[in-house]
Amino acid sequence: MISVGVCGFGYWGPTLVRAFASNPAFRVAAVADAKPAAQDRVRALSPSVELYGEAQELVDSAEVDVVAIATPVLTHYPLALRALRRGKHVLVEKPMCTRVDEARELVAIAERMRRVLMVDHTYIFHSAVHKLKELKTSGALGEITYYDSLRVNLGLFQPDMSVLWDLAPHDFSIMNYLLEEQPVYVEATGYCHVNQNLPDIVYITLHYAARTIAHLNLSWMSPVKARRIAFGGTKQMVVWNDLDFDETLKIYDSGIEFRSEDERRVFIPGYRIGDIYSPRLARGEPLANLVEHLHRAIAGKEEPVVDGRAGLRVVELLERTQRALDSSLGKIAGLHTPKAPARIAR
Ligand SMILES: NC(=O)c1ccc[n+]([C@@H]2O[C@H](COP(=O)([O-])OP(=O)(O)OC[C@H]3O[C@@H](n4cnc5c(N)ncnc54)[C@H](O)[C@@H]3O)[C@@H](O)[C@H]2O)c1
C-alpha cells in the first residue's frame with residue numbers, strides 16, 4: 001500500500017482524506033493541521049493516524065510516500081518543493097501555486113526526481129467533462145464557437161486569495177483540457193467590495209485564434225449558487241448544469257447557419273432548432289477517479305492527465321488574467337473611491 005500524508009484539515013482536507021481512505025491502494029498514514037480544533041477532528045475520525053501540527057514535519061516524515069497538500073495557496077509552493085526534494089510524490093490542490101516561475105521550478109524538480117506531481121483539478125475527472133471532450137473530439141459539436149461559465153455563490157470569502165484565484169482554476173483547467181490551446185488575448189475586470197485588495201466579482205473574456213471566445217462570470221456576491229457552463233459549436237450546443245443531478249448535460253441540436261459575407265448584408269442568419277438530448281453520465285465521484293488515476297500514475301500504468309505542466313498552464317493563465325485585471329482596476333480606480341490595484345496577497 002502507498003502511504004499518504006494530508007497537509008491541511010480545513011474545508012477540503014477531510015474530503016481528500018475520505019477519498020484516499022476509500023481507495024484500497026492507499027493508506028492515510030498522517031495528517032497535519034496547525035489548528036487544535038482540526039486536530040481534534042482528525043483524532044475523532046481516525047485515532048491511528050500520525051498527527052502533526054506543522055505540515056513541514058509531515059513532509060519530512062519517512063513514513064509518507066505521497067504528500068497531499070490542502071493548505072492555503074501561498075503554502076503550496078514551499079510544501080510541494082520540500083516534498084519533491086525529499087523524493088515524495090505530490091498531489092497539490094488547485095491552483096498549484098501563485099507564480100509562474102514557482103510552477104516551472106516544481107515541474108522541473110518533479111521531472112528531475114522522477115516523481116509524480118499532480119494538481120487536484122478535480123473537474124478533469126468529472127464525467128460531464130469527459131462527455132464534452134468526446135463531443136468536441138468526434139466533431140459532433142462542429143467548430144467550437146464559445147465557452148461560457150457562470151460560477152457564482154455567496155462566499156466563501158478567502159482571506160488570502162481573490163475570487164479569480166479561487167474559482168477560475170476550475171474553468172481554466174477545463175478550457176485547457178477541452179480546447180488544447182491558449183488564448184491570444186485576455187480581458188478582465190472586477191470589483192473589490194469587501195477586501196480592497198481582493199476582488200470578489202471578476203468577469204473574464206478570453207479570445208482564441210480559432211474563432212472561439214470564452215467568458216467567465218465569477219462571484220462570491222451572488223445570493224444563489226450557480227455552476228453552469230455553455231459550450232457551443234456550429235453543429236450542436238451543450239449546457240452543463242453541475243447542480244442538476246438528473247439532467248446534468250443537455251445537448252441542443254441547434255445552431256446558426258453561417259452565411260457568406262455577401263449574403264449576411266441581405267439576410268438574417270438561419271436558425272436551426274432541433275431536439276434536446278440529455279445523455280446518461282457515469283456517476284463515479286470525480287475525486288475518487290482522480291485518486292485512482294494518481295495510484296496508476298505512481299505505478300507507471302498511466303501518464304498523469306493533470307501533471308505539473310497542466311498545473312503550470314493554469315497558473316500562466318491566472319497570471320495573464322491578473323495582469324489584465326490589475327490594468328482594468330487601475331483605470332477604473334479614479335472613477336470610484338481610490339483603491340490599490342488588486343493582487344493575490346503575498
Ligand atoms: N479541488 C477543489 O475542488 C477544491 C475545493 C475547495 C478547496 N480547494 C483548495 O484546497 C486548498 C485549501 O482550501 P480550504 O478551503 O480547505 O482551506 P481552509 O482554510 O479551510 O483549510 C486549510 C487548513 O490548512 C491548515 N494549515 C495552514 N497552514 C498550515 C501549515 N503550515 N501546517 C499545518 N496546517 C496548516 C489550516 O489550519 C487550515 O485548517 C486551497 O488551495 C483551495 O483552493 C480545492
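Note that the coordinates shown come from a computational prediction; the quantities given were computed from them, not determined experimentally. We count ligands from 1, going down the list as the structure has it; atoms in each ligand are counted the same way. The figures that follow rest on heavy atoms only: side chains count, while hydrogens, waters and symmetry mates do not.
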Of the protein's non-hydrogen atoms, which lies at the shortest distance from [atom], and what is that distance?
atom                    : result
atom 43 (O) of ligand 1 : Lys94 O, 2.8 Å
atom 11 (C) of ligand 1 : Thr71 O, 3.6 Å
atom 12 (C) of ligand 1 : Ala70 O, 3.3 Å
atom 23 (C) of ligand 1 : Asp33 OD2, 3.5 Å
atom 7 (C) of ligand 1  : Trp12 CB, 3.7 Å
atom 32 (N) of ligand 1 : Ala55 N, 3.0 Å
atom 44 (C) of ligand 1 : Glu93 OE1, 2.9 Å
atom 34 (N) of ligand 1 : Ala34 N, 3.1 Å

Among side-chain atoms of [X] and [Y], is any donor-acceptor pair under 3.5 angstrom?
X      : Y      : result
His207 : Glu187 : yes
Asn23  : Glu292 : yes
Gln322 : Trp165 : yes

(Q) Centre-to-centre under 6.0 Å for Tyr147 and Trp240, is that the case here? (A)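 No.
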**Q.** Ring center gap for Tyr146 and His215 short of 6.0 angstrom
**A.**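 No, the ring of Tyr146 stays outside the 6.0 Å limit from the ring of His215, centre to centre.
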Sub-4.0 Å heavy-atom contact, [X] with ligand 1:
X      : value
His76  : yes
Gly53  : yes
Cys7   : no
His170 : yes
Pro72  : yes

Heavy-atom contacts with [X] under 4.0 Å: which atoms of ligand 1 show up? List them by number with element.
X      : result
Thr122 : 1 (N), 2 (C), 3 (O)
Met161 : 43 (O)
Gly10  : 20 (O), 21 (O), 23 (C), 39 (O)
Asp120 : 1 (N)

Q | Lys NZ or Arg CZ of Lys133 over Tyr177 ring: under 6.0 Å, within 45° | A |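 The answer is yes, since Lys133 meets both limits relative to Tyr177.
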Q. With a distance cut-off below 6.0 Å to the six-membered ring centre and an angular limit of 45° from the axis, does Arg43 pair with Phe9 as a cation-pi contact?
A.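 That pair does not qualify as a cation-pi contact.
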Q) Which residue, Val92, Val90, Leu81, Leu106, forms the side-chain contact (heavy atoms from CB on, under 4.5 Å) with His76? A)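 That would be Val92; it is the only one of Val92, Val90, Leu81, Leu106 passing the side-chain contact (heavy atoms from CB on, under 4.5 Å) with His76.
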Q: Carefully, step by step, assess Tyr77 and Glu105 under the rule side chain to side chain donor-acceptor pair (under 3.5 Å).
A: CA-CA 9 Å; Tyr77 165 72; Glu105 193 181 349; 2.5 Å; yes
**Q.** Ionic contact status for Asp65 with Lys88, cut-off 4.0 Å
**A.**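 No, Lys88 and Asp65 are not salt-bridged.
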Q | Under 3.5 Å: N/O of Gly13 near N/O of ligand 1 | A |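 N/O-N/O distance under 3.5 Å: no.
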Q) What do you reckon, does Thr75 have a nitrogen or oxygen under 3.5 Å from a nitrogen or oxygen of ligand 1? A)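 N/O-N/O distance below 3.5 Å does not exist for this pair.
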Q.
As a test of the contact definition, would atom 19 (O) of ligand 1 count as having a protein heavy-atom neighbour under 4.0 Å?
A.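 It does not; no protein heavy atom is within 4.0 Å.
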Q. Between Ser222 and Asn153, does a side chain to side chain donor-acceptor pair (under 3.5 Å) hold up when you go through it step by step?
A. CA-CA 5 Å; Ser222 163; Asn153 40 269; over 6 Å; no
**Q.** Step-by-step side chain to side chain donor-acceptor pair (under 3.5 Å) determination, Asp60 to Gln56
**A.** CA-CA 6 Å; Asp60 293 347; Gln56 287 189 7; over 6 Å; no
